[in-house]
Amino acid sequence: MSAQKPSIPRGTRDFGPQQVARRNYIFGTIRRVFEKFGYAPLETPTMENLSVLTGKYGEEGDQLLFKILNSGDFAKDVTAEDLAAGAKKVLPKVAEKGLRYDLTVPFARYVVMNRNLLTLPFKRYQIQPVWRADRPQRGRYREFVQCDADVVGTTSLLCEAEIVLMIDEVLSTLGLTDFTIKINHRGVLSGIYQALGGVGSEPDLFVAIDKLDKIGVEGVSNELRQRGFTDEAIEKVFNYLEVDGSFEEKLTQLRTAFGADGVLADATAGPAKGLTDLEQVQGYLQDFGFENFQRLDFDVTLARGLSYYTGCIFEVKVNNVQMGSISGGGRYDNLTGAFGMPGLSGVGFSFGVDRIYDVLEELQLFPEGAVSAPLCLIANFDQEGRATVLPLLRQMRNAGLAAELYPEVSKLKKQFEYADKRGIRYMLLAGPDERAAGLVKLRDMRAGTEVTLPSGEVISRLLELSAEQR
RNA sequence: GUAGGUAUAGCUCAGCUGGUUAGAGCGUCGGAUUGUGAUUCCGAAGGUCGUGGGUUCGAGCCCCAUUACUUACCCCA
């Protein structure tokens, strides 16, 4: 048997002890905030039936689904004609399950299946990995964890305001200060489209203006022109995109412009609803005493693709770091419609932990403590010492101290190197000399200092030292 | 799916217009130091140069194919 080079699928990663500790630090921060705001945890299976997943993410999304080959003789129902007809015909016969692509669709499925048990409004959070058969690149993985929080069964804009508060709190707690929470409303975008008087297609418009910060005015103009928008329409689009000033000022300018273009006829829907919604969210935030309005940016160009959002939409960008959005979300009015339960409104958002990790690493914002190592290593001098050292080790653990004995008798140099590399702060030396005197030596590896003390006092001393570290 | 780039030791990379036995740093292991690490010194192990073919007297280097990785686009967290 020839030795093969081991590998993992591209776009996936191993996480070593330090990385796991750091990821847990991020998960913990997010979880605590979600729970403080009243969200309850939910977990769903890694795999879903393909019928649940397909058609929910558009044609491109379907291609990015990982499908799971049926067990047993998966090819037994495939005919020669199927093969000739291509993958589309063969797929449903060989695969009936797939890996979850996001957490929102499984959540919708869960809500529909449990509609009789749920008390509305239902607030849930979910922290689980998702899989996409994408081409990996910077900040883009094929297996990554999403942290979603959604409320369904209420149209209250209080939820939107609280989302802003949660995003701000999580990112601030993680040490980030320079980030922008972008907010917009699908109604506002629709208003811009309606103001054009029926030129081009609405999705084309949204996709194009979403790229403004990336490809600039020129790029967006070209793209719109290619998509059949007239120069006149394009000019009008940019008039809207150039609204400027504070949150209130932008709202006022848009209201005036929309009024002039006659798209505010229905005061309870579309553009008018968009403006009043945003106004109200801002009002709630003021009532909450939200301090960081400088981080909240009403961005008319924010569109978030072609997804199912119908109301407010959010996206968070860390400034001065080359990284896509680390959080995003919005309100949807018909999430569960595809599963036969129409008219259920909800709003939710998601943190991309893997991207947050990359950002924190780049900005060196991980705290020192986010490493897991035992507090103390007991040196192993000889077999005879075990009668002294093993009871001591047991007592340390019973006292709640993380400790270990170097598993084999070997040169002290090696044991010291081991402690050093693992980041173990204290080393306990109980060799023949110390044992004869009923003493132990405790070495602080960081300071390089040693103290000798009666073996009966070690545990209380270590407890003091570990308390100091917090 | 589209377009580039890269592939040499466990890791990060040198390797001249094609020329004899492919190098360094870090890491690993051993020793200086049989009871003291992170700084010193000495030594050792470790590579069929991603894979297959071609050109050539001769290929790590040139050509073709292939695979993997990577960056950007599309899309997205």
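First the proteins, then the strands, lettered A, B, ... as listed; each starts at 1.
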Please state how far atom [atom1] in [X] lies from atom [atom2] in [N], giving the value in whole angstrom units.
X      : N     : atom1 : atom2 : result
A/Y406 : B/G37 : OH    : C1'   : 12 Å
A/R142 : B/A68 : CZ    : P     : 10 Å
A/E315 : B/C75 : CD    : P     : 13 Å
A/D210 : B/C76 : CG    : P     : 8 Å
A/R135 : B/G5  : CZ    : C1'   : 14 Å
A/D134 : B/C73 : CG    : C1'   : 12 Å
A/K413 : B/G30 : NZ    : C1'   : 10 Å
A/E450 : B/G37 : CD    : P     : 11 Å

| request: Using the six-membered ring for Trp and the full ring for Phe, Tyr or His, decide whether A/Y418 stacks on the six-membered base ring of B/G37 (centres under 5.5 Å, planes under 30°). | output: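 Here A/Y418 fails the 5.5 Å or the 30° condition.
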Distance below 4.0 Å between [X] side-chain N/O and [N] OP1 or OP2:
X      : N     : answer
A/K211 : B/C74 : yes
A/Q137 : B/A72 : yes
A/K411 : B/G31 : yes
A/K421 : B/U28 : yes
A/R10  : B/C69 : yes
A/K214 : B/C73 : yes

| Nearest 0.5 Å, what's the CG-CG distance between A/L429 and A/L412? |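 Output value for this atom pair is 6.5 Å.
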Heavy atoms only, 4.0 Å cut-off, all strands: where does [X] land among base, sugar-phosphate and nothing?
X      : result
A/S350 : nothing
A/I356 : nothing
A/D433 : base
A/G61  : nothing
A/E434 : base
A/R140 : base
A/F351 : nothing

Should the pair [X] and [Y] be classed as cation-pi, given the thresholds of under 6.0 Å to the six-membered ring centre and 45° from the axis?
X      : Y      : result
A/R124 : A/Y39  : no
A/R304 : A/Y309 : no
A/R23  : A/F15  : yes

Measure distances between side-chain N and O atoms of [X] and base N and O atoms of [N], and say whether any donor-acceptor pair falls under 3.5 Å.
X      : N     : answer
A/R443 : B/U36 : yes
A/R304 : B/C75 : no
A/K441 : B/U36 : yes
A/Q415 : B/U36 : no

| task | Might you work through the salt bridge (Lys or Arg N to Asp or Glu O under 4.0 Å) test for A/R331 and A/D150, ending with a clear yes or no? | result | CA-CA 9 Å; A/R331 178 170 288 278; A/D150 290 79; over 6 Å; no
Whole-Å [atom1] distance, [N] and [M]:
N     : M     : atom1 : value
B/C42 : B/C26 : P     : 11 Å
B/G46 : B/A14 : P     : 25 Å
B/G58 : B/U2  : C1'   : 41 Å
B/A59 : B/G18 : P     : 13 Å
B/A38 : B/A77 : C1'   : 39 Å

| request: Give the ring-plane orientation class for A/F349 versus A/F34, where under 30° counts as parallel, over 60° as perpendicular and anything between as tilted. | output: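 Rings of A/F349 and A/F34: perpendicular, as their planes differ by over 60°.
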| Should the pair A/Y418 and A/Y406 be assigned to parallel (<30°), tilted (30 to 60°) or perpendicular (>60°) ring geometry? |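 Judged by the thresholds at 30° and 60°, the geometry between A/Y418 and A/Y406 is perpendicular.
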The side chain of [X] lies closest to which of these nucleotides: [options]?
X      : options             : result
A/R132 : B/G35, B/A38, B/C76 : B/C76
A/K414 : B/A77, B/U36, B/G30 : B/G30
A/F381 : B/G35, B/U36, B/C76 : B/G35

| query | If pairs are Watson-Crick or G-U with both distances under 3.5 Å, what is the dot-bracket string of RNA chain B, marking crossing pairs with [ ] and pairs to another strand with |? | reply | (((((((..((((.....[...)))).(((((.......))))).....(((((..]....))))))))))))....
| said: Looking only at the aromatic ring of each residue, does the gap between the centers of A/Y57 and A/Y101 stay below 6.0 angstrom? | reply: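 So the answer is yes for these two rings.
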| field | Short N-O contact, A/K97 and A/E48, less than 4.0 angstrom | value |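 Salt bridge absent between A/K97 and A/E48.
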| message | Out of the candidates A/D210, A/D213, A/D297, only one should pair with A/K182 under the salt bridge (charged side-chain N to carboxylate O under 4.0 Å, His left out) rule; please name it. | response |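 Output: one option passes, namely A/D213.
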| Hey, which of these two, A/S327 or A/A430, hits RNA chain B nearer its 5' end, going by closest nucleotide? |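 The residue whose closest nucleotide sits nearer the 5' end is A/A430.
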